[in-house]
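Here the structure is laid out as structure tokens; the discussion comes afterwards.
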Amino acid sequence: MSEIVLSAPAAGYFTSRRLGLALSGLVIFCLVMMALFAPQIAPYDPMEIDLDARLAPMSPAHLLGTDHLGRDMASRLVWGTRASLGAVFLIAVLIMVTGFTVGSISGFAGGRVDTVIMRVCEGFMTFPTFILALFLIGVLGTGMTNVILAIVLTHWAWYARIIRSLVMNLKNRTYVLAAKAAGGGRVKVFLRHIFPQAISQLTILATLDLGHMLLHVSGLSFLGLGIQPPTPEWGVMINDARQQIWSNPELAIIPGAMIFLTVLAFNIPGDILRDRLDPSIADAE
Amino acid sequence: MLKLIIKRLLMLIPLMFFVSVVVFLVLRLSPNDPAMSYLRLSNIPPSEEALRIARADLGLDRPLVTQYIDWAAKAIRLDFGVSYVTRTSVMRQLLHYLPNTLYLASVTMLITLAFSIPFGVLAAVNRGRLIDKLSRVLAYIGVSTPSFWLAFLMIILFSVKLGWLPSMGLGGISYVVMPACSVALMSLCINMRLTRGCMLEQLHARHVLYARIRGVTEKRIIRGHVLRNSMIPVVTALGMHVGEVLGGAVVAEVIFAWPGVGRYMISAISNRDFPVMQCFIIMMTGIFVVCNLLTDIMCAGLDPRARLVGEEGPHE
């Protein structure tokens, strides 16, 4: 067994990893392009109802067919990319900002401030995340804004905790102490010597989580709590297709496949990154 | 051991206090007026006069602290008020649906455990071979599949095309298979990879090397020296999976028309039935917290070091 550990992983392993990285990069690139240029790419208005063309099969006119109201599926998918990815990126940025602010205050200030903030974080982590998100949406009302808010509120505590320990670790590095000894003010030392390190780590963390967040967003939209119809979003499209599941199952299969592909494309680089970054896991691999 | 259990039980008190404060404050500080939804659901036109009476009825005109103490005092006695819709005790209604949800959640956990641990162990023992690679691919697929999509795929395949399994409702064993599998897949895959990782870590530990030197057979090494130690992080993670499963169950209950608390919660959200939401979240969080407590105790049972930590106090 031990010789397997010492020898380098087989060459084939690396190429399959590279292939995975390249493919997911390609998928993410295409998705971002679809989201950015949705009006140019989509052949039809995604909300245009055409009752004469209800549930049309796949054809050159409607590449992926139409749904129960005659809306073009391909156009809805493209526009759905914009809604889903937009929400996910917004959530990631908001979580990073809140998590970073709270976590670095806690880690940098220490003492009583730190204790209070950490107790609050632990309190938030007591709730099962999806259940708390449901409750928050129930109280605040349905809609995409509240879905985004709910997911941010249920996830910031994890980020704050990680950033706190990161900042506490960086705070005692010799170069930071040296900067302090040289007469740097707290704010300046923080901005110049701690912030750049911590923010890059945080960005990696948030990237790893994008897939997970998309699953939350589309799940809540699927339950009818997110974007309200007729606006296209992948989760909403699956929900719309529920009535047609016996006759036109592809209406549910295709948007789901989009979610699946997107999450997969986010997860594969994340996983590889995690293996690379964490030497203890890399060792075990 | 007993000390540890008592200590953990005592820790529940501040935790549940915090939970109740959050649940209470979120509702009271939200822009929505409970009196408004109360009137709407009672079909009373919301005039100024009616709103004032409703506020007095619901106690909304008193200071926040008094309202909280009043609410919490009732909540401790498991009284969460009456539903705005049905006018009956919220607790009693949720308790009526709870067994169905617990049934679904336990089957899900059972599936998760029954598949993740053996496959994780197999993948670790056959590291780098075909079965390990397959488990890696399966894990990628599993954590990327939205549970509601998986549910539809299963309905399309097993109910529509093959007609093997019923697609909705509550009944015999065949009814629970699809909902439970749709919820289980993600936890199953995460747990499988975790088991594999922990096994590998233990396989390279010195005591295992020593056992090999002594000539202990591979089977006995796995069973006696590796499995128990590597189960400790897995058991800890179980608590987390309970949270995921409770959340996933809500989605599955909606799709499969499963008469559980999650489906009731979703209808309460569209009705803006606030007492139901409050009771639901406290109930689910309570279950989650208790499960985490149980896994902590199980860990202490598996790992003598955890018992020591409990007696020495938190080591921060």
Side-chain angles (χ1 to χ4, degrees), chain A residues 1-2 4-5 9-10 13 16 20 119-120 122-124 126-142 211-212 214-215 218-219 222-225 235 238-239 241-242 245-246 249 252-253 255-257 259-268 271 280-281 283-285, chain B residues 14-16 18-19 21-23 26-27 30-32 127-128 133 140-141 143-150 152-153 155-156 160-161 167 186 197 200-201 203-204 209 212 242-244 246-248 250-251 254-255 262 265-266 268-270 272-274 277-278 280-281 284-285 287-289 292:
Chain A
M1 283 305 273
S2 61
I4 301 173
V5 183
Y13 199 54
S16 78
R119 286 291 164 275
V120 173
E122 275 164 32
F124 268 91
T126 321
F127 293 99
T129 48
F130 196 75
I131 304 279
L132 180 60
L134 273 183
F135 175 72
L136 289 173
I137 294 167
V139 172
L140 298 171
T142 55
H212 171 78
L214 178 60
L215 286 181
S218 54
F222 167 76
L223 289 174
L225 306 174
I238 300 185
N239 194 10
R242 276 167 78 181
I245 193 159
W246 296 83
I253 294 178
I259 302 176
F260 170 70
L261 261 183
T262 313
V263 178
L264 195 65
F266 283 137
N267 280 347
I268 289 178
D271 212 48
S280 66
I281 300 175
D283 223 34
E285 280 298 325
Chain B
L15 222 53
M16 285 318 277
F18 183 87
V19 165
V21 171
V22 169
V23 167
V26 164
L27 184 54
S30 85
N32 295 300
R127 207 191 68 164
K133 283 179 181 157
Y140 271 136
I141 295 175
V143 295
S144 308
T145 309
S147 69
F148 50 96
W149 185 53
L150 178 68
F152 277 126
L153 292 183
I155 291 178
I156 291 165
V160 181
K161 299 268 188 255
S167 69
M186 180 167 304
L200 285 180
E201 213 168 275
L203 273 171
H204 298 134
L209 184 66
R212 284 220 175 87
V242 170
E244 293 288 319
L246 289 176
V250 176
V251 178
V254 170
I255 299 174
M265 170 71 174
I266 298 295
I269 289 178
S270 51
R272 316 214 123 214
D273 196 345
F274 295 120
M277 295 183 210
Q278 285 182 323
F280 172 79
I281 186 169
M284 290 295 119
T285 308
I287 293 172
F288 183 52
V289 168
N292 274 315

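Letters go in sequence order (proteins before strands), and every chain restarts at 1. Every heavy atom of this structure was used, including side-chain atoms; hydrogens, water molecules and symmetry mates were not.
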Item to check | Steps toward side-chain contact (heavy atoms from CB on, under 4.5 Å) verdict (Leu200(B), Arg127(B)) | outcome: CA-CA 9 Å; Leu200(B) 285 180; Arg127(B) 207 191 68 164; 3.5 Å; yes

Next on the checklist: Under the criterion side-chain contact (heavy atoms from CB on, under 4.5 Å), I'd like the reasoning laid out for Phe288(B) against Thr126(A): C-alpha separation, chi angles, the key distance, then a yes or no.
Outcome noted: CA-CA 8 Å; Phe288(B) 183 52; Thr126(A) 321; 5.6 Å; no

Item to check | Working for side-chain contact (heavy atoms from CB on, under 4.5 Å), residues Leu203(B) and Arg212(B) | outcome: CA-CA 10 Å; Leu203(B) 273 171; Arg212(B) 284 220 175 87; 3.8 Å; yes

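Contact annotation for Val21(B): neither backbone nor side-chain heavy atoms come within less than 4.5 Å of a heavy atom of chain A. Heavy atoms closer than 4.5 Å to chain B are found in both the backbone and the side chain of Leu132(A). At a 4.5 Å heavy-atom cutoff, the contact between Met265(B) and chain A is made by side-chain atoms alone. No part of Val242(B) comes within reach of chain A, as not one of its non-hydrogen atoms sits under 4.5 angstrom from that chain. Of the atoms belonging to Gln278(B), heavy atoms from both backbone and side chain fall under 4.5 Å from chain A. In this structure, the portion of Ile266(B) lying under 4.5 Å from any heavy atom of chain A is its side chain and not its backbone. Heavy-atom distances place the side chain of Val289(B), and not its backbone, under 4.5 Å from chain A. Looking at Val251(B), the atoms closer than 4.5 Å to chain A (heavy atoms on both sides) sit in the backbone and in the side chain alike. Contacts between Phe135(A) and chain B at a heavy-atom distance below 4.5 Å involve backbone atoms as well as side-chain atoms. Heavy-atom distances place both the backbone and the side chain of Tyr140(B) under 4.5 Å from chain A. Neither the backbone nor the side chain of Leu150(B) comes within less than 4.5 Å of any heavy atom in chain A. There is no contact between Ile287(B) and chain A, counting heavy-atom distances below 4.5 Å. Both the backbone and the side chain of Ala257(A) come within contact range of chain B, with heavy atoms under 4.5 Å apart. For Phe130(A), the part lying near chain B is the side chain, with the backbone staying farther off; criterion is any non-hydrogen pair under 4.5 Å. Using a 4.5 Å cut-off between heavy atoms, Phe152(B) touches chain A through backbone and side chain atoms alike. Looking at Thr262(A), there are no atoms closer than 4.5 Å to chain B (heavy atoms on both sides), in backbone or side chain.
Heavy-atom pairs under 4.5 Å with chain A were tallied for Ile155(B), Val23(B), Val250(B); the largest tally goes to Val23(B). In terms of non-hydrogen atom pairs under 4.5 Å with chain A, the most contact-rich of Phe148(B), Phe18(B), Phe274(B) is Phe148(B). Annotation: maximal heavy-atom pairing with chain A below 4.5 Å, among Pro146(B), Gly243(B), Ala268(B), Gly248(B), occurs at Pro146(B). Between chain A and the options Asp273(B), Val143(B), Asn292(B), heavy-atom pairs under 4.5 Å are most frequent for Val143(B). Chain B forms more heavy-atom pairs under 4.5 Å with one residue of Leu214(A), Thr142(A), Ile137(A), Leu134(A) than with any other, namely Leu134(A).
Looking only at side-chain heavy atoms (C-beta outward), Pro249(A) and Val160(B) stay at 4.5 Å or farther from each other. Taking the side chain as every heavy atom from C-beta outward, Glu244(B) and Thr129(A) approach each other to under 4.5 Å.
Rounding to the nearest 0.5 angstrom, the gap separating the CE atom in Met277(B) from the CG atom in Leu136(A) is 11.0 Å. Summarising the geometry, atom NE2 belonging to His204(B) is positioned 10.0 Å from atom CG belonging to Leu209(B); distances are rounded to the nearest 0.5 Å. Note that the CZ atom of Phe266(A) and the CG atom of Leu261(A) stand 11.5 Å from one another [nearest 0.5 Å]. For the atom pair CG (Leu264(A)) and CD1 (Ile259(A)), the distance works out to 13.0 Å, reported to the nearest 0.5 Å.
Evaluation of the side chain to side chain donor-acceptor pair (under 3.5 Å) rule for Ser144(B) yields Asn267(A) as partners, not counting sequence neighbours. Applying the side chain to side chain donor-acceptor pair (under 3.5 Å) rule to Asn239(A) yields the partners Arg242(A); only residues at least two apart in sequence or on another chain are considered.
At least one donor-acceptor pair under 3.5 Å links the side chain of Trp149(B) to the backbone N or O of Ile253(A).
Of all heavy-atom pairs spanning Ile238(A) and Pro255(A), the tightest one is CG1-CB, 3.9 Å.
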